[in-house]
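Below is one structure, written out as structure tokens; the observations come after it.
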Amino acid sequence: MAKFRRRTCIILSLFILFIFSLMMGLKMLRPNKATFRVPFGLDLLPEIRQETPHLVKTFDSQKSDTINSETNFKNLKSDEITVKLSKASEPNMEEKSPLNYFLHVFYYSWYGNPQFDGKYIHWNHPILKHWDLRLTKNYSQGKHNPPDDIGSSFYPELGSYSSRDPSVIETHMKQMYSASIGVLALSWYPPNSNDENGQPTDDLVPTILDKAHKYNLKVTFHIEPYKNRDEQNMYTNVKYIIDKYGNHPAFYRYKTETGKALPMFYVYDSYITTPEKWANLLTSSGSRSIRNSPYDALFIALLVDSKHRYEILRGGFDGIYTYFATNGFTYGSSYENWAKLKYFCDQYNLIFIPSVGPGYIDTSIRPWNTQNTRNRINGKYYETALSAALQAQPSIISITSFNEWHEGTQIEKAVPKRTSNTVYLDYRPHKPSLYLELTRKWSEKYRKERAAYALDPQLPLF
């Protein structure tokens with residue numbers, strides 16, 4: 001009997017010890033915390049289609065197996081809801097960091113509405129057809145119908161505004177100021193020229209310069225691929241810009257290592273013009289050389305494919321930028337290539353300007369392009385891009401974009417909006433100013449890091 005009791009006590013003790021050990025083990029378990037990591041190589045790099053020069057209009061339409069969370073929900077039978085923000089969301093300008101003139105943002109002045117322009121411009125963007133007509137018929141056709149139906153997956157806090165509205169321009173400058181952005185790169189077409197969905201906007205430049213100057217911002221020019229652009233009319237147009245706007249205090253100049261203060265021009269789709277033609281303009285021996293003239297400047301080429309590096313060199317450009325906010329879409333826009341591009345630029349004394357963006361979604365105007373969508377992930381995508389850019393130690397960082405609403409790359413304030421047909425994306429659970437605040441945070445970080453590695457840590461000479 002005593003043996004039985006001892007055995008029972010031993011078994012009971014072992015059972016209690018087992019239970020105790022099991023409970024302690026469970027207590028020590030923790031769920032794995034998933035860290036955000038850019039999925040390099042996850043998305044197949046689309047081929048550059050040679051039959052059309054405008055890469056931004058020609059994304060590949062391979063089918064995607066991923067169901068994207070950033071897709072508009074159609075045919076919702078609900079009343080229209082627009083959330084308006086209180087003034088509390090307005091940043092306090094007195095508390096902001098000084099502007100960072102090595103941080104540029106691409107800015108578009110092509111929007112219009114009936115009040116200021118007599119009609120809607122760009123907000124009524126057409127739904128673009130796919131080059132494969134078999135795919136086109138699977139999607140709706142026609143144009144958007146503002147003000148409630150606009151060519152964007154997000155909805156601006158300012159509504160379907162006009163770029164001619166002085167109060168809108170002022171608000172934009174105030175938002176850039178709040179984000180510690182120093183320079184806006186203005187999308188530009190020559191006088192009496194415009195993109196295929198817009199109207200001429202060169203007459204807006206004086207107002208933009210004046211409003212920018214009020215907030216100590218500087219303005220540079222992002223020269224678009226206007227009709228028949230070549231080295232001859234580029235010389236004429238650069239001369240026009242410098243003669244007409246070069247004396248304005250908001251006109252941007254970059255101080256080079258040689259001490260010269262030169263204007264800077266981003267040249268979009270530069271690769272559609274041959275290096276030989278660019279060399280006529282941009283090399284000292286060129287037949288239409290702009291070098292060592294009163295109109296000499298820094299010309300920054302768009303790098304899409306890796307082979308463009310040497311074409312850019314032969315063309316006589318002063319630097320490269322990558323523009324696209326879609327990681328993995330092009331060689332230039334892939335974060336994993338930025339260190340190599342920076343090394344290349346250092347070898348040949350070029351300025352390297354990586355372009356970062358908060359995300360990408362253009363399905364409101366290219367419904368067949370879902371595979372190139374990049375979710376914002378509540379700001380994580382943007383911060384990952386900024387972190388990658390800083391690691392490359394660039395001379396300048398550019399942001400795509402302040403207000404390219406069609407492609408969903410904007411950092412401008414957006415608000416929740418629901419109509420009977422559409423639920424627009426927004427920045428919730430954060431405030432509409434989320435991307436301005438993140439930009440300010442990283443602007444300050446970039447300023448400090450750049451001062452440590454740059455040979456020219458002082459501000460540019462204007």
Side-chain angles (χ1 to χ4, degrees), residues 52-61 68 70-82 107-165 168 187 189 192-201 204 224-227 268 360-373 401-410 412 414-426:
T52 174
H54 301 298
L55 197 152
V56 70
K57 295 288 193 293
T58 58
F59 295 102
D60 198 346
S61 66
N68 202 297
E70 292 203 354
T71 304
N72 288 354
F73 298 94
K74 301 294 183 180
N75 301 319
L76 293 174
K77 305 300 182 182
S78 58
D79 295 332
E80 175 186 343
I81 301 173
T82 302
Y107 181 70
Y108 294 87
S109 60
W110 56 25
Y111 300 104
N113 64 23
Q115 181 182 357
F116 286 88
D117 307 89
K119 60 181 179 179
Y120 284 107
I121 303 172
H122 264 274
W123 299 118
N124 62 343
H125 200 290
I127 298 172
L128 300 175
K129 296 180 180 180
H130 194 274
W131 48 85
D132 186 339
L133 295 180
R134 293 172 299 177
L135 293 175
T136 294
K137 64 183 181 181
N138 295 330
Y139 301 98
S140 60
Q141 304 297 311
K143 285 188 172 185
H144 289 277
N145 186 26
D148 295 328
D149 172 25
I150 64 172
S152 173
S153 294
F154 294 85
Y155 202 85
E157 183 182 62
L158 297 176
S160 48
Y161 58 76
S162 170
S163 296
R164 294 186 176 277
D165 184 344
V168 166
S187 171
Y189 285 84
N192 303 315
S193 300
N194 52 269
D195 71 282
E196 58 190 3
N197 296 299
Q199 298 288 330
T201 57
L204 293 178
E224 299 284 0
Y226 55 83
K227 187 177 181 180
Y268 188 73
Y360 187 95
I361 180 168
D362 66 355
T363 51
S364 66
I365 61 170
R366 301 182 189 100
W368 35 263
N369 193 38
T370 55
Q371 82 284 354
N372 279 310
T373 295
S401 64
F402 180 78
N403 63 339
E404 220 296 10
W405 289 92
H406 305 311
E407 296 180 346
T409 62
Q410 79 289 336
E412 183 184 353
V415 293
K417 184 177 176 68
R418 178 193 299 263
T419 71
S420 60
N421 296 315
T422 306
V423 174
Y424 288 92
L425 303 173
D426 56 67

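In this text, all values refer to a predicted model and were calculated from it rather than measured experimentally. By convention here, the first residue in the shown sequence is residue 1.
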Looking only at heavy atoms, what is the nearest atom pair of [X] and [Y], with distance?
X	Y	result
N113	S160	ND2-O, 3.2 Å
Y161	E412	OH-OE1, 2.9 Å
H144	H125	CD2-O, 3.1 Å
N197	I121	O-CG2, 3.8 Å

For [Y], does its backbone N or O pair with a side-chain atom of [X] as donor and acceptor, under 3.5 Å?
X	Y	answer
D117	K119	no
N403	Y108	yes
T409	Y360	no
T201	L204	no
E407	W405	no
E404	H406	yes

Side-chain donor-acceptor contact under 3.5 Å, S364 with S152: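 No, because no side-chain N or O of S364 sits under 3.5 Å from a partner of the opposite role on S152.
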
Distance-only polar pair, side chains of D426 and Y424, donor-acceptor under 3.5 Å: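 There is no such pair between these side chains.
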
Rounded distance [0.5 Å steps], [atom1] in [X] versus [atom2] in [Y]:
X	Y	atom1	atom2	answer
K417	Y155	NZ	OH	4.5 Å
Y107	F402	OH	CZ	6.5 Å
T419	D148	OG1	CG	6.0 Å

Centroid-centroid under 6.0 Å between W131 and W368 rings: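 Between W368 and W131, which both carry aromatic rings, the centre distance is below 6.0 Å.
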
Is the shortest heavy-atom distance from the side chain of [X] to the side chain of [Y] under 4.5 Å?
X	Y	value
V423	R418	yes
I361	L425	yes
T373	T363	yes

Ring geometry between H122 and Y111 (parallel below 30°, tilted from 30 to 60°, perpendicular above 60°):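 Rings of Y111 and H122: perpendicular, over 60°.
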
By side-chain contact (heavy atoms from CB on, under 4.5 Å) - contacts of P146 (at least two apart):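 P146 satisfies side-chain contact (heavy atoms from CB on, under 4.5 Å) with Y120, W123, N124, I150 once adjacent residues are dropped.
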
Partners meeting side chain to side chain donor-acceptor pair (under 3.5 Å) with S109 (sequence neighbours left out):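 By the side chain to side chain donor-acceptor pair (under 3.5 Å) rule, S109 matches no residue at all.
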
